[in-house]
Amino acid sequence: MTKLRLFALLLAFAPALGLAASAGPLESSGTDLSDRASLQRGAGLYMNYCAGCHALSLHRYSRIADDLGLSPELVEQNLMPASAKIGENINTGISAGDGNAWFGKAPPDLSLISRAKLGGPDYVYSYMKGFYIDESRPLGWNNTVFPGASMPHVLWEMQGIQRPVYEQGADGQPHVARLELVQPGRLDAKAYDQVARDISAFLQYVAEPAALKRESVGVWVVLFLAFFTFIAYLLKVEYWRDVH
Ligand code: HEC
């Protein structure tokens with residue numbers, strides 16, 4: 001095998017081999033796109049806790065209402081800023097300049113984040129669970145899967161506050177071995193996991209809305225193929241009867 005081929009092969013299997021560029025190991029999110037209640041909760045959490053900083057500019061409020069089975073009135077009253085219209089794209093009040101000034105980094109548009117990141121929903125899930133206090137950071141927060149992230153932990157009230165437990169790595173430098181809860185939040189660990197899962201599922205849907213349809217159509221396609229195989233079999237039996 002030439003070196004080039006070996007390289008291409010390695011690249012193709014990089015995520016499976018854990019050679020991804022992400023910093024920490026990711027936890028499995030366990031998202032389920034057929035769980036509509038989870039997606040609806042995720043939409044609610046997103047609009048209340050994330051949309052203030054992060055736009056979903058490739059999406060309209062109306063599309064979310066349609067896809068997730070929410071009435072336009074409900075979306076208008078609970079999931080949108082009063083100034084927005086249901087047919088508009090989901091934008092945020094923060095300009096890139098403000099973001100840079102306030103956080104040192106403009107909050108990115110999250111329309112495609114779940115597809116852009118290796119691990120997809122697992123990345124978002126682990127990121128939501130990976131915040132810990134770090135006085136050396138400008139806003140006092142750091143993150144295990146995205147070291148040096150400029151985002152504050154916006155869900156700390158729910159999760160509580162985590163502190164890192166360090167361990168000496170092979171390179172002689174201290175590494176975050178695990179996080180421990182030093183101040184409990186409003187939710188217990190299981191309930192917070194579900195919050196992180198709902199948000200991850202919502203962003204997974206947002207990054208590929210067609211996936212909702214594809215999965216439900218897929219069942220019918222498989223059923224059709226099974227049925228058609230049966231018909232083809234009957235046909236074969238019928239033809240061969242004459243041949244014999
Ligand atoms: C107060 C503003 C603010 C809020 C609210 C906020 N974020 Fe962020 N977020 C940021 C900033 C700033 C960054 C850029 C971090 C960086 O690149 O250092 C960021 C980055 C991200 C990223 C990209 C991380 C990466 O690896 O590039 C994700 C995913 C994300 N935020 C998810 C969320 C979710 C989900 C919520 C709601 C639960 C949320 N954010 C709420 C400010 C915010």
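Whatever order the structure lists ligands and atoms in, that order sets their numbers, starting from 1.
- The protein atom (non-hydrogen) at minimum distance from atom 27 (O) of ligand 1 is K117 NZ, 3.2 Å.
- Atom 8 (Fe) of ligand 1 has H54 among its coordinating residues (N/O/S atom, backbone or side chain, under 2.8 Å).
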M47/I64 under side-chain contact (heavy atoms from CB on, under 4.5 Å): CA gap, chis, key distance, verdict: CA-CA 11 Å; M47 295 307 173; I64 293 197; 4.1 Å; yes
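- When each of Y127, Y123, F146 is checked for a side chain to side chain contact (heavy atoms under 4.5 Å, CB included) with K117, only Y123 meets the rule.
- Contact annotation for V145 and ligand 1: no heavy atom of the residue comes within less than 4.0 Å of the ligand.
- Atom CD of E208 is separated from atom CZ of R214 by 4.5 Å, given to the nearest 0.5 angstrom.
- The nearest heavy-atom contact from the protein to atom 32 (C) of ligand 1 is L110 CD1, 3.6 Å.
- When atom types are taken as modelled, the side chain of Q159 and the backbone of G185 share no donor-acceptor pair closer than 3.5 angstrom.
- Of all protein heavy atoms, the one lying nearest to atom 37 (C) of ligand 1 is C50 SG, 1.7 Å.
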Verdict with reasoning, L79 to L70, per side-chain contact (heavy atoms from CB on, under 4.5 Å): CA-CA 10 Å; L79 302 183; L70 300 167; 4.0 Å; yes
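- Each of L56, T31, L110, L45 was checked for a side chain to side chain contact (heavy atoms under 4.5 Å, CB included) with F202, and the lone residue meeting it is L56.
- A side-chain donor-acceptor contact under 3.5 Å links S29 and D122.
- Between A116, P108, G52, it is P108 that holds the heavy atom closest to atom 13 (C) of ligand 1.
- Residue contact annotation: V154 has a non-hydrogen atom under 4.0 Å from ligand 1.
- Heavy-atom proximity to A149, at under 4.0 Å, picks out these atoms of ligand 1: 18 (O).
- Among M47, M151, R137, the residue whose heavy atom lies nearest to atom 42 (C) of ligand 1 is M151.
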Residue pair Y61, E76: steps toward the side-chain contact (heavy atoms from CB on, under 4.5 Å) verdict: CA-CA 8 Å; Y61 295 101; E76 267 167 350; over 6 Å; no
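- Near I199, the atoms of ligand 1 lying under 4.0 angstrom from a non-hydrogen atom of the residue are 35 (C), 38 (C).
- Those atoms of ligand 1 with a heavy atom of Y49 less than 4.0 angstrom away are 5 (C), 37 (C), 41 (C).
- Close contacts of ligand 1 with C53, meaning ligand atoms under 4.0 Å from a residue heavy atom, involve 1 (C), 2 (C), 3 (C), 4 (C), 5 (C), 43 (C).
- Ring orientation note: the planes of H153 and F131 are close to parallel, at an angle under 30° on the 30°/60° scale.
- I113 CD1, 4.0 Å is the protein heavy atom nearest to atom 23 (C) of ligand 1.
- At least one N or O atom of S150, backbone or side chain, sits closer than 3.5 Å to an N or O atom of ligand 1.
- The part of Y127 lying near ligand 1 is the side chain, judged by heavy-atom distances below 4.0 Å.
- Residue Y123 holds the heavy atom nearest to atom 26 (O) of ligand 1 of all those in F202, Y125, Y123.
- Ring pair F228/F224 is parallel by interplanar angle, where below 30° counts as parallel and above 60° as perpendicular.
- Of the protein's heavy atoms, K105 O, 3.3 Å lies nearest to atom 12 (C) of ligand 1.
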D67 and L39: CA distance, side-chain angles, deciding distance, side-chain contact (heavy atoms from CB on, under 4.5 Å) verdict: CA-CA 10 Å; D67 285 348; L39 292 175; over 6 Å; no
